[in-house]
Amino acid sequence: MISLFHTLVSEPLYSGLIFLIDRMPFFDVGVVIIIFTILIKLILLPLSIKASKSQLQMKSAEKDINLIKEKYKDKGEQGLKVMEYYKEKGINPFTAILIVFIQIPILIGLYRVFIGLPKINTDLLYSFIPVPETINMTFIGLVDMAEKSLILAVLVGITTYFQTSLATADQSTTQAGDKQGDFAKAMSFQMKYFLPPFITIIVYNISSAVALYLFVSNIFSIAQEYYIRKKYHKAVTVV
């Protein structure tokens, strides 16, 4: 399992980063990480758009789903009718979960990619990727990417707050007395107010390279969510 993870995640990510560092010697590692992060987000963009559209569709379908639940009290029959409804409307409720499961191993792999710099781990490097002669670890002449950075960690926390706020904004419309809705609200509250400081503490104790990746990733995700909501919100409304 570990060997498969190295083959599918760690080696491609590590080789990609070292390739960019070698091909862009005029940039420091921080700038390369920004470029690297944007490339990863662009590769995942089609899946991310699909997941966000699915979430909007499910939100639009809430009224109909509640009617189905009121009509069918048996949990087994209720579940079948809900899935039939999703199939009829072309909604895949598992798309959003899929993108999460894809990004988790990538994040773990990136931790391994960044944590050893500036040393090069040839065990994770493809044989045809050249090893850079020198690596500039000082981002814009100010931040050592191998060390901790309180500023970057705080920026990660702030952008995480805005990202989770945007992602959970629709939860406030859930009807009172709905147990599932109340649970969703509680989860949204915890994600909004407890996740950002938790993430801040974690990334501060890892390295500036990981913090910079998460900061750029959050900025990209926020812009992406605004774009998707503006472009697809009306288009995905369930009739």
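The basis for the numbers below is simple: all heavy atoms, side chains too, and nothing from hydrogens, waters or symmetry mates.
Residues S208 and V143 come closest through the heavy atom pair OG-CG1, 3.7 Å. Of all heavy-atom pairs between S217 and K41, the closest is OG-NZ, 3.5 Å. Closest approach of G109 and S10 over heavy atoms only: CA-OG, 4.3 Å. Between I18 and P132, the closest heavy-atom pair is CG2-CD, 3.5 Å. Minimum interatomic distance between S149 and L152 (heavy atoms only, all atoms of both residues): OG-N, 3.3 Å. When all heavy atoms of V29 and M137 are compared, the pair lying nearest together is CG2-SD, 3.6 Å.
Rounding to the nearest 0.5 Å places CD1 of I65 at 12.5 Å from NZ of K81. To the nearest 0.5 angstrom, L39 atom CG is 12.5 Å from L45 atom CG. Taking CG from D22 and OG from S15, the interatomic distance works out to 12.0 Å, rounded to the nearest 0.5 Å. If you take CG on L80 and NZ on K87, they are separated by 12.0 Å, rounding to the nearest 0.5 Å. Taking CD1 of I135 as the reference point, atom NZ of K119 lies at 12.0 Å (rounded to 0.5 Å). Between E133 atom CD and I21 atom CD1 the span is 14.0 Å, to the nearest 0.5 Å.
Under the side-chain contact (heavy atoms from CB on, under 4.5 Å) test applied with I34, the options I38, V32, T37 reduce to a single match, I38.
I199 and I201 fall into different hydrophobic clusters, where Ile, Leu, Val, Met, Phe, Trp and Tyr side chains are chained together by heavy-atom contacts under 4.5 Å. Under the 4.5 Å side-chain heavy-atom criterion for grouping Ile, Leu, Val, Met, Phe, Trp and Tyr, L42 is connected to I40 within one hydrophobic cluster. L47 and I43 are members of different hydrophobic clusters when ILVMFWY side chains are connected at heavy-atom separations under 4.5 Å. Hydrophobic clustering places V131 together with L20 (ILVMFWY residues linked when any side-chain heavy atoms are closer than 4.5 Å, directly or through intermediates). Under a hydrophobic-cluster definition in which Ile, Leu, Val, Met, Phe, Trp and Tyr are linked whenever side-chain heavy atoms come within less than 4.5 Å, directly or via other members, L8 and F36 are assigned to the same cluster.
In this structure the side chain of L124 never reaches within 4.5 angstrom of the side chain of V113, judged on heavy atoms. Side-chain atoms of Y204 and L150, non-hydrogen and from C-beta on, do get closer than 4.5 Å to each other. By the 4.5 Å heavy-atom criterion applied to side chains, L117 and M145 are not counted as neighbours. Contact annotation: the side chain of I33 never approaches that of V216 to less than 4.5 Å [non-hydrogen atoms, C-beta and beyond]. At least one side-chain heavy atom of I35 sits less than 4.5 Å from a side-chain heavy atom of M24. L17 is not listed as a side-chain neighbour of L110, based on a closest heavy-atom distance of 4.5 Å or more.
Within the 3.5 Å criterion, the main-chain N or O of I140 finds a donor-acceptor partner in the side chain of D28.
Aromatic ring pairs are classed by plane angle as parallel below 30°, tilted from 30° to 60° and perpendicular above 60°; the pair F114 and Y213 is tilted.
Remark: Y126 OH is packed, more than 12 non-hydrogen atoms of other residues, nucleotides or ligands lying under 6.0 Å away. Under a cut-off of 6.0 angstrom, the local environment of OH in Y86 is crowded, with over 12 non-hydrogen atoms contributed by other residues, nucleotides or ligands. The 12-atom threshold is not exceeded at CD1 of I151, counting heavy atoms of other residues, nucleotides or ligands nearer than 6.0 Å.
Between the side chains of N121 and Y14, no donor-acceptor pair of N or O atoms lies under 3.5 Å. Donor-acceptor pairing under 3.5 Å is recorded for the side chains of T160 and N218.
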